[in-house]
Visitor: 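First the structure, which I've put down as structure tokens, then a few questions once you've had a look.
Worth knowing before you read on, the calculation uses all heavy atoms, side chains too, and leaves out hydrogens, waters and symmetry mates.
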Amino acid sequence: MNPAELFAEPATLILLGLAALIAGFVDSIAGGGGLLMLPALLSTGMPPHLALGTNKVISTFGTLSASITFIRKGWFKPRFWWPATLGTFVGALSGTVLIYLVQAELLKKLLPLAIMLAAVILVWPRRGAANVPSLPTSVRIGSRPQWLAGIGIGFYDG
């Protein structure tokens, strides 16, 4: 199917726009908007690789917007996080290449399972999360933990 054919109907565009609006709202509050947007994109008949890429572009703009807000308010200082940034880039590139190598038919079968698993993880009650103390702002995290965390997060998100 030609990607241009996917959006030939105005109703499809309107429904995808509504899904994006709701997903953006959910993302701004708690994260996980992709759990709404990805199934909406797949329901149009969009090939899974294209749906994943489109969903990632959408979430990238949301993350960029949030990052700019955090930096402007002084809640985040980018100069302390270069190892995590580099690790995230390496992990995202690796995850993207891996997804690219997976056949579309297999991906069509695995994506619904992955979405359901992610949804279960998000709604599963966490014990003790309210008792986690916040770190003082003067605490700096070493570059090795940043690098490793960045690779893991980037791989998952890539």
Visitor: Following the transitive rule for hydrophobic clusters with a side-chain heavy-atom cut-off under 4.5 Å over Ile, Leu, Val, Met, Phe, Trp and Tyr, establish whether Leu35 and Val26 coincide in one cluster.
Guide: no
Visitor: Kindly give the heavy-atom pair with the smallest separation between Met37 and Ile58, and that separation in Å.
Guide: CG-CD1, 3.9 Å
Visitor: Looking at Lys56 and Thr60, what are the two nearest heavy atoms and their distance?
Guide: O-OG1, 2.7 Å
Visitor: Answer yes if Ile151 and Ile153 sit in the same cluster of Ile, Leu, Val, Met, Phe, Trp and Tyr residues linked by side chain heavy atoms under 4.5 Å apart, and no otherwise.
Guide: no
Visitor: Whether the side chain of Thr54 engages the backbone of Ala51 through a donor-acceptor N/O pair (distance < 3.5 Å, no angle test) should be reported.
Guide: no
Visitor: Could you tell me which non-hydrogen atom of Ala40 sits nearest to which non-hydrogen atom of Ser43, and how far apart they are?
Guide: O-OG, 2.7 Å
Visitor: Could you measure the distance from the CZ atom of Phe70 to the OG atom of Ser65? Nearest 0.5 Å is fine.
Guide: 9.5 Å
Visitor: Given Phe155, which partner from the list Thr96, Leu98, Leu93 fulfils the side chain to side chain contact (heavy atoms under 4.5 Å, CB included) test?
Guide: Leu98
Visitor: Does Leu36 belong to the same Ile/Leu/Val/Met/Phe/Trp/Tyr cluster as Ile115, with side-chain heavy atoms less than 4.5 Å apart forming each link?
Guide: no
Visitor: Going by atom type alone, with no hydrogens or angles, which donor-acceptor pairs under 3.5 Å involve a side-chain atom of residues 81-92 and a protein atom two or more places apart or on another chain?
Guide:
{"unit_1": "Thr85", "atom_1": "OG1", "unit_2": "Trp81", "atom_2": "O", "d": "3.0"}
{"unit_1": "Thr88", "atom_1": "OG1", "unit_2": "Ala84", "atom_2": "O", "d": "2.7"}
{"unit_1": "Thr88", "atom_1": "OG1", "unit_2": "Gly150", "atom_2": "O", "d": "3.4"}

Visitor: Return a table of donor-acceptor pairs under 3.5 angstrom between the side chains of residues 15-24 and protein atoms on other chains or two or more places apart.
Guide:
none

Visitor: If we only count heavy atoms from C-beta on, is the Phe76 to Pro78 side-chain gap below 4.5 Å?
Guide: yes
Visitor: Would you kindly confirm whether Trp75 and Ile71 end up in one hydrophobic cluster when ILVMFWY residues are joined by side chain heavy atoms under 4.5 Å apart?
Guide: yes
Visitor: Which pairs of donor and acceptor atoms, one on a side chain in residues 100-112, lie under 3.5 Å apart (sequence neighbours left out)?
Guide:
none

Visitor: What distance separates Leu64 CG from Thr69 OG1, expressed to the nearest 0.5 Å?
Guide: 9.0 Å
